[in-house]
Structures are given as C-alpha cells and as structure tokens.
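Each remark here refers to the structure printed beneath this line.
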Amino acid sequence: MYIGSIDQGTTSTRFIVFDQQGQIISVAQKEHTQIYPQPGWVEHNPDEIWTNTQEVIAEALHKGGLTTKDLAAVGITNQRETTVVWNKHTGKPYYNALVWQDTRTSSLVAELAAEGGADRFRPKTGLPLATYFSSLKAKWLLKHIATLEKDALKGEVLFGTMDTYVLWQLTGGVHGGQHITDVTNASRTQLMNLSTLQWDGELLEAFGIPRNILPEIRSSSEVYGTATGVLEGVPVAGILGDQQAALVGQTCFEPGEAKNTYGTGCFMLLNTGTTINQSTHGLITTVAYQLGDKPAHYALEGSVAIAGALVQWLRDNLGIIQKSSDIEELAATVEDNGGCYFVPAFSGLYAPYWRADARGVIAGLTRFVNKGHLGRAALEATAFQTLEVLEAMEKDAGIRLSELRVDGGMTVNELLMQFQADLLNVPVVRPKMIETTALGAAYAAGLAVGYWKDTDDLRRNWGIEKTWEPVMEKSVRNSLYRHWRKAVRRSFGWEE
Ligand SMILES: Nc1ncnc2c1ncn2[C@@H]1O[C@H](COP(=O)(O)OP(=O)(O)O)[C@@H](O)[C@H]1O
Ligand SMILES: O=P(O)(O)OC[C@H](O)CO
C-alpha cells in the first residue's frame with residue numbers, strides 16, 4: 001500500500017504517490033493559468049484548479065500502474081491564504097480565487113491600520129495587517145461581488161482556502177462534500193485565535209465576516225471523510241498548508257529545527273514547540289501542525305513573496321530565458337552581479353519589512369550591466385531575502401542556526417545554493433527528497449491511518465543529498481549585503 005498527496009501550489013498542482021520509505025512511486029503535475037486583470041491583482045480559476053487536480057491524480061495513478069485500492073490514504077497540501085467563495089448548492093465559485101500575492105486590499109489594510117495600528121491583530125493571530133492574509137480578501141469579495149452578502153445571509157455561501165475547496169470537491173461537492181480546514185490553514189486567515197484554535201468572534205466582527213460561511217477547523221492529521229470520483233473510497237486523512245507541510249516533510253519536529261522552501265515564494269519556518277513566540281523583528285507566528293489529538297506546535301515564519309516567481313517573470317514577461325532552469329546558465333555567463341541589485345517587491349515586501357507601499361526596483365544599472373547580470377541579480381534576490389529573514393529569526397528565537405535545511409523547486413539551482421551558503425555563512429543542506437511539501441501531507445495522512453507509527457518512524461526516512469559550505473570572504477559578503485539593503489530602501493514608498 002502507498003499514500004497519495006495532492007499538492008495544490010501557486011504555480012501548479014501535483015499528485016505524488018509515496019511508499020513507506022518516503023520514496024516517490026509516481027508523480028504527475030500541471031501548471032494552471034495565472035490571471036492578472038490589473039497591476040497588483042493575481043487570480044486563479046478554481047474550476048481549472050479542480051479539473052487539473054483530477055487530471056494529475058488520474059495520470060499519476062495510470063503512470064504508476066496503480067488503482068485507488070493501492071492507496072491507504074490521501075493528504076492535501078496547498079498554497080495558503082488564497083481565498084475562494086462558492087455556492088453550496090451549485091458548487092459554482094462566485095469569483096476567481098484571490099491569490100495570496102494579490103494586493104487589491106491595500107487600501108483596506110491602510111484603513112484598518114489607521115484605526116488601531118498595523119499590529120492590532122498580532123496578539124491573537126500572530127499576523128500583521130497585510131494584503132497577504134485571507135481576512136481582507138474575503139472582505140473585498142463580500143463588498144464587491146453582487147449577491148454574495150445576500151446569499152451568505154441565506155446560508156448558501158462557503159468560504160475556503162484551497163485545501164477546503166479541494167477537500168469539498170473531493171469528498172462529493174454538492175453531494176455532501178466536507179467543509180473543513182486544518183489549523184495550519186486556518187492560522188493564515190487572520191480569523192483564528194492562535195491559542196484557542198477556533199474562529200474568533202472579535203476578529204470576525206472587525207473584518208465583517210459572517211461565521212456561517214467558514215469551515216470547521218480540525219487537526220492536520222485525522223480522517224476528514226472519504227474521497228469520491230477519481231479517488232473513490234480513499235480516506236482523506238491529512239491537511240497542511242504547504243510551508244507547514246515542508247516542515248513536516250523535513251521532519252523538523254523538535255523546537256529549534258528549521259527549513260527554508262524555495263518555490264514561487266520563499267518561506268522559512270522554525271519550530272517553536274507548543275510555545276506561541278510573538279515576533280518583534282518582522283516575522284509572523286503560525287501553527288506548524290497539530291497531529292491528531294496531540295497539542296498544536298507553533299512556528300515562527302519568514303515569508304518572502306517573490307522568489308522563483310522572479311525567474312518566471314524573466315521567462316514570461318521579459319522572455320530572456322525560455323524555461324526556468326535556463327536561469328542558471330544565464331547567471332553563470334558573468335562572474336558576479338556587476339553591481340546590479342533586483343528587489344522584487346511585486347506584491348510589496350513581506351518579512352521582515354511588511355511594506356505594502358514597496359514596488360520592484362532594479363538598482364545599480366550602468367552600461368556594463370547585461371542580461372547575465374540581471375539573471376544573477378534575480379537569483380541573488382532570493383538569497384538576500386533569506387538572509388534578512390534568518391537574521392530576524394535568530395534575534396526573535398535567540399538562537400544561532402548551525403545549518404539551513406532547504407527544499408523546493410529552486411534548490412536544484414547549484415549557483416543559488418552556493419551563493420546562499422556564502423551569504424548566510426552557514427552550510428546549506430539539501431535532503432535526498434526535495435518534494436518535502438507533498439511528502440509532509442502524505443506523512444500527516446499516513447500517521448492518521450497507522451501507515452506510519454509515529455514521528456520517529458518518519459525521521460528515519462530523512463537523509464542528506466548535498467551540503468554547500470560557505471567560502472566567501474567576509475568583506476565581499478558585507479559589501480553585497482550593504483548594497484542590497486540600500487536597494488531595498490529605494491523600493492519603499494513607491495505606491496501612494
Ligand atoms: N533551475 C531553476 N532555477 C531557479 N528557479 C527555478 C528553477 N527551476 C524552477 N525554478 C522556479 O521554482 C518555482 C517552482 O518551484 P515549486 O517548488 O514547484 O513551486 P510552487 O510549489 O510554488 O508551485 C518556479 O517559480 C520556478 O521559476
Ligand atoms: O505555492 P508556494 O509553494 O510558493 O507557497 C505559497 C505559500 O503557501 C503562500 O503563503
């Protein structure tokens with residue numbers, strides 16, 4: 001028997017089948033359309049995502065010569081915060097999903113911050129006011145979509161992050177689909193109280209969200225229901241937001257263990273155990289996981305909005321590379337960044353700045369700079385942002401990381417990994433399995449049905465594939481970082 005994992009990411013949706021050693025048996029993946037109706041707006045079509053989800057499941061099963069009978073359980077992991085509202089009776093979304101990177105709620109952020117400060121909801125939620133989280137996306141939808149508020153009053157509307165939407169569809173949709181989310185995804189809505197792990201009346205009132213549209217909050221590892229359709233009869237037994245799933249997939253179960261995932265964005269999470277550690281250095285506090293009836297673990301998180309997305313931008317918007325992997329060859333045509341720094345504040349800047357008014361900047365341009373330098377600056381941007389997050393994390397948690405565990409699509413890039421080790425001045429460690437996000441959700445599902453016994457069982461599956469040691473001279477590192485910070489300051493205050 002195996003465990004299936006649905007990974008509904010920002011760029012694509014994958015279905016991966018794992019065995020007991022955490023090895024991949026079969027995989028299928030499909031990208032979905034990124035919809036940009038206006039500057040700063042980012043949407044996904046929920047119908048397209050659900051169609052892709054069914055297709056990748058069918059394809060992976062077919063490729064692996066498997067049937068649903070070979071799966072002991074299935075887990076779901078997902079891009080977090082992305083918000084969809086749909087009609088309970090027709091199953092139709094009222095509007096496209098508002099993606100986490102979408103900045104259309106920036107005026108709502110400013111309004112609420114003017115009333116009580118940007119950190120007014122931090123004590124309860126661990127989150128600053130920002131366009132990033134689901135609360136304001138739901139508020140925007142309720143205000144702008146005709147009939148939504150009226151239908152909500154009639155009890156016809158369901159709200160969900162992508163885990164909830166996929167689970168509802170998978171467990172029958174209009175024919176009795178389960179309306180459930182897990183504690184990790186709920187902690188990104190800014191509507192859940194981190195201590196009680198329940199929706200919070202005061203928060204719902206502040207954001208104007210009717211309670212009856214919200215899903216039930218459950219642990220990350222338990223049987224939520226039985227799948228229908230392409231996964232007919234398989235128990236759905238794990239849900240984790242994708243960054244939390246990567247933490248679990250990397251088996252960071254002890255307080256003080258951390259991982260950094262380089263995907264569309266880049267997200268570092270540090271397990272802080274059962275303690276809610278409020279950041280004073282620009283990080284956020286989030287639920288790491290809750291395994292069945294065990295107490296929830298929390299994490300400090302450094303969220304970076306644009307990492308691999310900048311590589312996609314060079315590919316799709318500038319056309320200077322054909323595919324994402326070409327960036328390494330392009331960056332290797334030059335020895336260094338040639339004085340060029342690229343601050344990809346496309347959605348403002350997240351951690352540690354939380355500046356909704358920032359916009360992208362390319363600094364240090366001279367006639368010397370060519371497309372190789374630009375490619376290099378784009379890669380380096382991810383490493384600089386990671387350094388800023390790591391510094392904040394070490395200050396908040398009062399620790400020094402002795403190495404950084406990494407995963408995600410960008411970690412195949414050797415040039416980036418070496419530069420990252422150089423800049424952090426700590427070794428960067430890539431495990432054998434870099435599909436840790438899907439693996440984490442499989443672990444959550446497998447634990448719930450007894451496929452794996454406990455977290456020690458999972459730890460045995462983790463192993464190092466490669467380590468990059470820092471070799472850069474301190475003076476070079478300091479100069480690079482100084483220039484990066486100068487470039488960051490130039491991105492501030494662009495949006496009025
Ligand atoms: N060789 C590479 N070098 C740098 N970035 C890459 C490379 N290959 C893929 N990427 C980037 O990695 C991201 C995809 O990683 P993935 O972990 O699949 O992301 P997600 O889970 O967010 O969909 C894309 O943004 C892509 O541009
Ligand atoms: O799709 P990813 O892997 O970039 O992850 C997106 C995050 O969950 C957003 O918070």
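Computation of the quantities below employed the complete heavy-atom set of this structure, encompassing side-chain atoms and omitting hydrogens, waters and symmetry-equivalent molecules. Order of appearance sets the numbers: ligands from 1, and atoms from 1 within every ligand.
Distance from atom 1 (O) of ligand 2 to its nearest protein heavy atom, with residue and atom name: T10 OG1, 2.4 Å. The protein atom (non-hydrogen) at minimum distance from atom 24 (C) of ligand 1 is Q312 OE1, 3.9 Å. From the protein, the heavy atom lying nearest to atom 5 (N) of ligand 1 is M410 CG, 3.4 Å. Among all protein heavy atoms, the one lying closest to atom 27 (O) of ligand 1 is S324 OG, 2.9 Å.
Only the backbone of A309 comes within contact range of ligand 1, with a heavy atom under 4.0 Å; no side-chain atom does. Of all the heavy atoms of N413, the ones lying under 4.0 Å from any atom of ligand 1 belong exclusively to the side chain.
Looking at Q29 next to ligand 1, no N or O pair under 3.5 Å apart turns up. Ligand 1 has no nitrogen or oxygen under 3.5 angstrom from a nitrogen or oxygen of E328. Of the N or O atoms in G308, one or more lie within a sub-3.5 Å distance of an N or O in ligand 1.
Selection from E81, Q243, Q79, R188 by nearest heavy atom to atom 9 (C) of ligand 2 gives E81. Between atom 21 (O) of ligand 1 and the options E414, R14, Q79, the minimum heavy-atom separation is to R14. Nearest to atom 20 (P) of ligand 1 by heavy-atom distance, out of L415, D242, D316, T264, is T264. Between the choices D242, T286, T161, the shortest heavy-atom distance to atom 2 (P) of ligand 2 belongs to D242.
Residues that satisfy the side-chain hydrogen bond (donor to acceptor under 3.5 Å, both in side chains) test with E469, not counting sequence neighbours, are absent from this structure.
At a cut-off of 3.5 Å, with distance as the only test, no side-chain donor of S220 or Q244 sits close to an acceptor on the other residue.
Salt bridge annotation for K137-D102: absent, with no cationic side-chain nitrogen under 4.0 angstrom from a carboxylate oxygen.
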Quiz: residues 321-333 side-chain donor-acceptor pairs under 3.5 angstrom, not counting sequence neighbours:
unit_1	atom_1	unit_2	atom_2	d
K323	NZ	D326	OD1	3.0
D326	OD2	Q322	N	3.1
D326	OD2	K323	N	3.0
E328	OE2	E414	N	3.0
E328	OE2	L415	N	3.1
T333	OG1	L330	O	2.5

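A donor-acceptor contact shorter than 3.5 Å is absent between the side chain of E301 and the backbone of A351.
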